[in-house]
Amino acid sequence: MKSSEILTCFQCGTCTGSCPSGRYTSLNVRRIVKDSVKKDISGEPDLWMCTTCYNCQERCPRSIKVTDAILQLRSEAVKKGRILPAHRKVCRFLIKTGHAIPIDDVHSAIRKKIGLGAPETVHKYPEALKEVKKILKSTGFDELVK
Ligand code: SF4
Ligand code: SF4
């Protein structure tokens with residue numbers, strides 16, 4: 001997104017009023033937009049409270065690509081090594097197991113009981129884990145979450 005677009009924000013608050021996440025967390029998307037043009041907010045934990053539902057982007061009267069901007073801000077934060085501990089943990093799971101949230105024994109048993117086998121992932125094809133690790137390494141993902 002061009003920074004000139006975000007400068008057209010007139011702080012109407014439609015984004016905040018439309019934000020489902022803001023009802024349950026400290027996320028105030030109007031404030032995120034405002035602060036992002038003034039300072040480095042890559043360390044803001046609220047950046048990670050957005051569920052990327054796109055409500056704000058669809059409703060912004062200035063057609064500012066609010067959600068896309070949040071995603072861009074997150075990417076910049078990650079490049080600076082600013083990842084929430086919980087997310088870092090999930091990333092490590094992905095590197096280790098090929099799944100962000102691997103299926104445990106209890107849920108594997110439930111799946112079996114209702115006629116679902118292992119999903120079409122490394123759970124079913126454990127030999128693919130080597131390839132997953134290779135991709136994550138070649139993209140630099142493993143370095144980012146160290
Ligand atoms: S809805 Fe758009 S114009 Fe209104 S505060 Fe949010 S980003 Fe700014
Ligand atoms: S995309 Fe994110 S910031 Fe925008 S309304 Fe949805 S949860 Fe809120």
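Heads up: numbering here begins at 1 and tracks the sequence. Note that ligands are numbered from 1 as they come in the structure, with each ligand's atoms numbered from 1 the same way.
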- Note on the structure: heavy-atom search around atom 6 (Fe) of ligand 1 in the protein gives Cys15 SG, 2.4 Å

- In ligand 2, which numbered atoms sit nearer than 4.0 Å to a non-hydrogen atom of Thr51? 2 (Fe), 7 (S)

- Which atoms of ligand 1 are found less than 4.0 Å from any heavy atom of Gly13? 4 (Fe), 5 (S)

- Item | Per-atom contacts of ligand 2 with Val29, taking only distances under 4.0 Å to non-hydrogen atoms | 3 (S)

- Contact atoms of ligand 1, heavy-atom distance to Phe10 under 4.0 Å: 3 (S)

- Note on the structure: Within 4.0 Å of some non-hydrogen atom of Cys19, the atoms of ligand 2 are 3 (S), 5 (S), 7 (S), 8 (Fe)

- Atoms of ligand 2 under 4.0 Å from any heavy atom of Thr67, numbered from 1 in the order shown, are 1 (S)

- Which atoms of ligand 2 are found less than 4.0 Å from any heavy atom of Tyr54? 1 (S), 6 (Fe)

- Near Cys56 (heavy-atom distance under 4.0 Å), the atoms of ligand 2 are 1 (S), 3 (S), 4 (Fe), 5 (S)

- Cys9 N/O/S atom closer than 2.8 Å to atom 8 (Fe) of ligand 1: yes

- Would a 4.5 Å heavy-atom cut-off, applied to side chains only, mark Thr25 and Asp46 as touching? no

- Query: Which of the atoms in ligand 2, numbered in the order shown and given with their element, are less than 4.0 Å from a heavy-atom of Ile70?
  - Reply: 3 (S)

- Looking at Leu84 and Trp48, what are the two nearest heavy atoms and their distance? CD1-CB, 3.6 Å

- Among protein heavy atoms, which lies nearest atom 2 (Fe) of ligand 2, and at what distance? Cys50 SG, 2.3 Å

- Note on the structure: Residue, atom and distance of the protein heavy atom nearest atom 4 (Fe) of ligand 1 read Cys12 SG, 2.3 Å

- Note on the structure: Pro61 heavy atoms within 4.0 Å reach ligand 1 at atoms 1 (S)

- Val66: heavy atom below 4.0 Å from ligand 2, yes or no? no

- How about Ser42 and Arg82: does a side-chain donor come under 3.5 Å of a side-chain acceptor? yes

- Note on the structure: The atoms of ligand 2 lying under 4.0 Å from a heavy atom of Asn55, numbered in the order shown, are 5 (S)

